[in-house]
Amino acid sequence: MRRIVVTTLLVPLLSILAACQNTPAATAGRYSTGGDPTDDPCARVVSAIGYADLLLRPRGQEEGQYFEDAVLGRLAEARGITLQYGPALPASLAPAVRDVEDATAGLSRADVPRARQVELLKKYRAAADRIRAGCA
């Protein structure tokens, strides 16, 4: 009886999840909601960086950063927005965009060892600063 109930609930859920993976947003490189293709790319990326910064310890205190779910989530959001809008930033910022994308790939996951998280946070901060300066 229990197996039937689980199967009855699980199969439709898996179908919905599979369908969501093939939505136009996922296939069109959209990683955030609420954005508009006409949004200023600098404004979107700088805003996402600023939003993540609200939960980060002050510069120079990366060793004391607590990488809780909220921090990982905001860094994942910064990653998504950078993936979506980063290619439209000035070409001179392409290396910084790549560094943000690389750093947040690890910073948005809970299974990354702490020492690596601290290292990636420092890399992220340096790249984020370059983007802010280039978009100013």
Side-chain angles (χ1 to χ4, degrees):
M1 175 75 173
R2 189 172 227 161
R3 178 179 272 179
I4 293 170
V5 172
V6 170
T7 303
T8 303
L9 295 173
L10 190 57
V11 170
L13 178 60
L14 292 175
S15 298
I16 291 168
L17 291 173
C20 288
Q21 290 180 346
N22 294 321
T23 62
T27 57
R30 292 206 54 211
Y31 299 93
S32 64
T33 59
D36 186 293
T38 62
D39 285 347
D40 177 74
C42 272
R44 288 301 304 247
V45 174
V46 169
S47 176
I49 289 168
Y51 187 60
D53 283 353
L54 293 173
L55 293 181
L56 299 177
R57 293 192 57 120
R59 189 168 316 289
Q61 296 182 22
E62 290 84 3
E63 296 288 338
Q65 180 67 50
Y66 181 58
F67 293 95
E68 62 202 30
D69 289 345
V71 170
L72 300 180
R74 289 212 185 165
L75 290 165
E77 183 175 359
R79 174 178 171 68
I81 289 174
T82 303
L83 285 168
Q84 184 173 341
Y85 291 94
L89 292 178
S92 62
L93 295 175
V97 168
R98 278 192 303 277
D99 284 349
V100 165
E101 291 171 356
D102 291 344
T104 54
L107 287 170
S108 59
R109 295 180 25 219
D111 64 344
V112 174
R114 177 164 177 68
R116 179 72 176 141
Q117 286 175 317
V118 171
E119 177 184 319
L120 289 171
L121 180 57
K122 290 176 182 178
K123 178 180 180 178
Y124 164 80
R125 280 213 156 128
D129 286 348
R130 293 193 315 267
I131 289 173
R132 275 195 276 256
C135 282

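Sequence positions, counted from 1, serve as the residue numbers for this chain. Since the structure is predicted, the reported quantities are computational estimates derived from the model, not experimental observations.
- Taking CG of Asp53 as the reference point, atom CZ of Arg125 lies at 6.0 Å (rounded to 0.5 Å).
- When all heavy atoms of Gln61 and Arg57 are compared, the pair lying nearest together is OE1-NH2, 2.7 Å.
- Taking OG1 of Thr82 as the reference point, atom CD1 of Ile49 lies at 5.5 Å (rounded to 0.5 Å).
- Every residue was checked against the salt bridge (Lys or Arg N to Asp or Glu O under 4.0 Å) condition with Arg74, not counting sequence neighbours, and none meets it.
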- Task: Applying salt bridge (Lys or Arg N to Asp or Glu O under 4.0 Å), run through Lys122 and Glu63 and close with a yes or a no.
- Result: CA-CA 10 Å; Lys122 290 176 182 178; Glu63 296 288 338; 3.6 Å; yes
Identify all side-chain donor-acceptor contacts of residues 91-107 below 3.5 Å with residues at least two apart in sequence or on another chain.
unit_1: Asp99; atom_1: OD2; unit_2: Arg130; atom_2: NH2; d: 2.7
unit_1: Thr104; atom_1: OG1; unit_2: Val100; atom_2: O; d: 2.6
unit_1: Thr104; atom_1: OG1; unit_2: Glu101; atom_2: O; d: 3.4

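- Residues Gln65 and Leu56 form a side-chain contact, since some pair of their non-hydrogen atoms from C-beta on lies under 4.5 Å apart.
- Summarising the geometry of Glu62 relative to Arg114, their closest heavy-atom pair is O-NH2, 4.3 Å, with the distance given to 0.1 Å.
- For the pair Pro87/Pro41, no side-chain contact is recorded, criterion being any heavy-atom separation below 4.5 Å from C-beta on.
- Side-chain contact between Phe67 and Val112 is absent, with no heavy atoms from C-beta onward closer than 4.5 Å.
- With Glu119 contributing its side chain and Gln117 its backbone, the two residues share no donor-acceptor pair below 3.5 Å.
- Contact detail for Ile81 and Ala48: the closest heavy-atom pair is CD1-CB, 3.8 Å.
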